[in-house]
Every structure is written in C-alpha cells, then in structure tokens.
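FYI, side chains are in, hydrogens and waters are out, and symmetry mates aren't considered; it's all heavy atoms of this structure.
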Amino acid sequence: MAKKRTRSRGIRQRWMANSLAAVLFIVLLGVSAFSLAMSSFYYSTMSSDLEARATMATRSFRNFTETEYNNRAASYVAEFEDKGNLEIQFINPFGRIQYSSYGLTAGSAPGTADIAGAIENKELTPWTGSDPNTGEHIMCVASPILYDGSVVGVVRLVTSLKLVDRQIALVVLLAFGVGALIIAIVYFSNLYFVRSIVEPVAGVTDIAQRIAGGSYGIQMEKRSDDEVGDLVDAINDMSMKINQAEKLKSEFISSVSHELRTPLTAINGWAETMASGELRDAEDMKKGLSIIVSEARRLTSMVEELLDFTRIEDGRFTLSIEPVDIKAELEDAVYTYREFFRREGITLTHTDCEEEFPPIEADPQRLRQVFCNILDNAAKHGGSGERIESAISKEGDEAVITIRDYGPGIPEDELPHVKYKFYKGSSKARGSGIGLAVCDEIITRHGGTLTLSNAEGGGCRVTIRLPLEA
C-alpha cells in the first residue's frame, strides 16, 4: 500500500510538473506574442497615419520654390487644426526647425534619424525614440519637399507616445492577468483529475488497431484525465489529423483528376467521332484534330507540372546548367505560341532589345518552360484582351523580361497569393493551380525573381529578372 501511495505521489508530481511547465511556456509565449502584436499594431497604425498625413502635406508643396515654400509653410502651421494631438514642423535643408505649430521648438535642430533620412535620401522616413531635448517617447515622420530635385524643406509630424505606451502597458497587464488565470485553472483542474489514474489500456489498443486498419477519424471515448486520458487525446488528435490529411489528398486527387478528365473527354469524344466516320467535312476533321492536339498538349503540360511539383516537394528537382542565350530562348517561346494565339484571335507581339546580352548560366529547358507557361497563362486569363506583349531589356546586370496581357487583370486582394501552390483565386480558367508555383521555383533557383502586377490600362504584367553575371 505504501509503495502504491509513493508511486501515486511520483506520478502526480511528474504530471503536475510536466503539464504546468508546458502550459506555462505556452501561456508565456502566447502573452509575449500577443503583447508584441498589440505593440506593433498600435505603433504601425500610428506610423501609417502619420505617413499618410505627411505625404498629404508634402503634396500641397509640390514644385514650390523656396520663397513660395516659406510663405506657404508659415500659413500652413497657423492653419493646422490638429495641434492638440500633433506637432507639425517645417525644417530647412540644414536640419533646423523653421516653423512649428507648438512654437517652442522653432530654431532648434532635433538631429533625429528621420530628418537626416528625409534630407539625405529624399524619401519619407519614420522614426520612433526619445526626444533629444525632453526625453519623451515620441514618434516622428519626416517627408522631404523637393523643387527641381533638391530638398527645399522637410515636413515633420511629431506625436507623443505617452498615452499609447500607457494603453499598451494596460493591455499587456491584462494579458498577463488572463495568462495567470489560465495557469491557475490548469493547476486546480490537474489537481482534481490526476486523482483518477491507472486505467486499463485495452480500449486504447483496440482503437489504435482500427485506425491502423484504415478507420481514419474514429474517436475514442475519454473516461479519465490521467496518463491514459492523455494517450486517448493524442490518439484522437492523430486520428483527426490523419483523416484531414487523407481528405486533403483525396481533394487534391479529385481536383487533378477533374482537370485531367476534361482534356481526356475532349480527346476521346473527338477521336470516337472521327473513328465512327460521322465526320465527312474536311473542315470538321481539321477542327477535331486541332482540338485533340490542343487538349493533348494541355494534358502533357499538366502532367509535367505535376511531375515537377512532386520533384520540388521531395527535393529531386534539379537544373542542368549551361551557357544560355536568354534572348533566343524567349524568342523561340514567342515564335512557338504566336501562330497558336493567332488562331485563337490573340495577337502576340515581341519587343527586342538591341543591346547584346552575354550568355547566362541557366537551364534552357526550364527557362523555356517558364516562358511558355506564362504565355499560356496570359492567353488563358487575359486572352479576352486579344493582345499579348512580350519584351526583353537590360537593366544594370539583370535581364528583365516582361509579358503583359490586356485582360481583366488580377483582383488586388489575390495578387499576394497567386504564386502559392494550388491557389486559383476567383479565376474560372482551367488549371491545377501549381504552374506559377513551379515557375517561381525555377526562377528563384536561377537567382532571379518573378513578380506579378496589374498593368496601367488593364491587364496583368509578369516581370522576370535574371542575373546576367553569376
């Protein structure tokens, strides 16, 4: 009996120590992450607001001469409406304050990084820190006012972070209070549940065998909250995750099967029609053969994309590097698609660069794959514009390739995600959703970048940058 009691106390101690340590770590991590997130939210929100205000103020001084700037700056400070929350300053090119909505700081030189950044780099520069004169925690944004490319002055917005810091401190304190409450709840609940330990594991074994036999997602009834209960939770969680993974696999297979079935159906349908002898008109035969060739090519492309994707996922994706004439590779891809696009009612034009390009170290087949995929996407998603343009130019030590369509473009909220695997967004065009992911991987492995953006005047522009020198 004494031995059993001792073992019970040992299990209880280990249980409490392990569970509370894990919970304490998670709570501290969560509270810390929450605190950092709230601080970042408050500061980034204020910074964004100041930057917007500074940009707006700078625009009202666009192309002002120095005399016009001085006159306008004085009146702007006098008419500034938000003096209770912000201080607006106009700073000369030497870093000294000329005009201030507070008045007290006029003539001083704060010497902070935002002013130096605005004057030296000629760009809007934020800064957060302690005021050099008062030691107060402040946030500033300085925006240069340019005339003929020269800085004639700087608009600087300054706000105190005292109230914000106090609010953040309260939020952090509340988060620690919630964390302490969670730890207390876990502690007392563990004290209660740890009393009922040492339960039979036969049911656990049976369920584990059923899961191993393929009954994914099956759940066990949890009858205790001791070691066996944890084991039940772990097995249930494992069962759910296996079930979810199986569903994801099935959904992916179903999606790919649907995409593969579409061209196969077209090929089979036309092949059976032609084999039956029902088509007697030469034009119909030509049309049927054209569809078969087109769908077969699309089918081949999809299979190649899937193979490339699996190679990328399991680390077998490699490049065969050799000296490549990048202009010739792009021209070959354009030539390959020009006639095909013409039959689809799409005009494909190419603008070459007269400047000579040195051979680059690359995989010609993979680059051709990227060019063809992007041209195909341009026709698939932007073919309604009936025009596609490609161009190559040299910028510094990079070759810049652009392919632009005149279709509807990409919704702004989808732009950051279009290169993700399996992402298709709101597009109704057919495809597996992995082509751009493969292209991006190929360009990245060549040391370049692939970006997508909406072009002015409509349509989507794909920009590829490849280094000309290794």
Q | Interatomic spacing from CD1 in I292 to OG1 in T273 - rounded to 0.5 Å | A | 8.5 Å

Q. Is the side chain of N121 donor-acceptor paired with the backbone N or O of E123 at a distance under 3.5 Å, no angle test?
A. no

Q) Taking only residues two or more places apart in sequence or in another chain, which ones pass salt bridge (charged side-chain N to carboxylate O under 4.0 Å, His left out) with D49? A) R53

Q: Could I get the full list of side-chain hydrogen bond (donor to acceptor under 3.5 Å, both in side chains) partners for D325, not counting sequence neighbours?
A: none

Q) Side-chain contact, heavy-atom cut-off 4.5 Å: V462 with T451? A) no

Q) Salt bridge between E329 and K327, side-chain N to carboxylate O under 4.0 Å? A) no

**Q.** salt bridge (charged side-chain N to carboxylate O under 4.0 Å, His left out) involving E395 - partner list, sequence neighbours excluded
**A.** R465

Q | For E355, all residues meeting salt bridge (charged side-chain N to carboxylate O under 4.0 Å, His left out), sequence neighbours excluded | A | K394

Q. Quick one: CD1 on I91 to OG1 on T112, what's the gap to the nearest 0.5 Å?
A. 7.0 Å

Q) Restricting to pairs with a member in residues 107-120, which pass salt bridge (charged side-chain N to carboxylate O under 4.0 Å, His left out), not counting sequence neighbours? A) D114-R156

Q: Heavy atoms only: give me the nearest T402-T463 pair and the separation to one decimal.
A: CG2-OG1, 3.9 Å

Q.
For D440, give me all partners under side-chain hydrogen bond (donor to acceptor under 3.5 Å, both in side chains), at least two apart in sequence or on another chain.
A. K419

(Q) Contact between I145 and V155 at the side-chain level, heavy atoms closer than 4.5 Å - yes or no? (A) yes

Q) C460 versus R404: any side-chain heavy-atom pair under 4.5 Å? A) no

Q) Will you find, in the side chains of H350 and S390, an N or O donor that is under 3.5 Å from an N or O acceptor? A) yes

Q) Could you give the distance from OG1 (T347) to CD1 (I388), rounded to the nearest 0.5 Å? A) 9.5 Å

(Q) I'd like to know if the side chain of E87 pairs up with that of S100 as donor and acceptor (distance under 3.5 Å, no hydrogens or angles considered). (A) yes

Q. Listed by chain and number, what are the salt bridge (charged side-chain N to carboxylate O under 4.0 Å, His left out) partners of D363, not counting sequence neighbours?
A. none

Q. Less than 4.5 Å apart, any side-chain heavy atom of D352 and any of E331?
A. yes

Q: Hey, could you give me the OH/CD1 distance between Y42 and I168, rounded to the nearest 0.5 Å?
A: 7.0 Å

Q: Could you grab the distance from atom CG of L450 to atom CG of L436, nearest 0.5 Å is fine?
A: 7.0 Å

Q: State, yes or no, whether a side-chain contact exists between Q365 and Q369 at a heavy-atom distance under 4.5 Å.
A: no

Q. Can you name the residues that form a side-chain hydrogen bond (donor to acceptor under 3.5 Å, both in side chains) with S160, not counting sequence neighbours?
A. E136

Q) Sequence neighbours excluded, which residues qualify as ring pair (Phe, Tyr, Trp, His ring centres under 6.0 Å) partners of F90? A) F61, Y76

Q.
If the condition is ring pair (Phe, Tyr, Trp, His ring centres under 6.0 Å), which residues does F340 pass it with, not counting sequence neighbours?
A. none

Q) Which pair of heavy atoms, one from P323 and one from P359, lies closest together, and at what distance? A) CB-CB, 4.1 Å

Q: Can you tell me which residue pairs pass the side-chain hydrogen bond (donor to acceptor under 3.5 Å, both in side chains) test with a partner in residues 30-40, sequence neighbours excluded?
A: none

Q: Only counting residues at least two apart or in another chain, list the ones meeting side-chain hydrogen bond (donor to acceptor under 3.5 Å, both in side chains) with E51.
A: S47

Q. Just by modelled atom types, is the G95 backbone N or O under 3.5 Å from a matching donor or acceptor in the N92 side chain?
A. yes

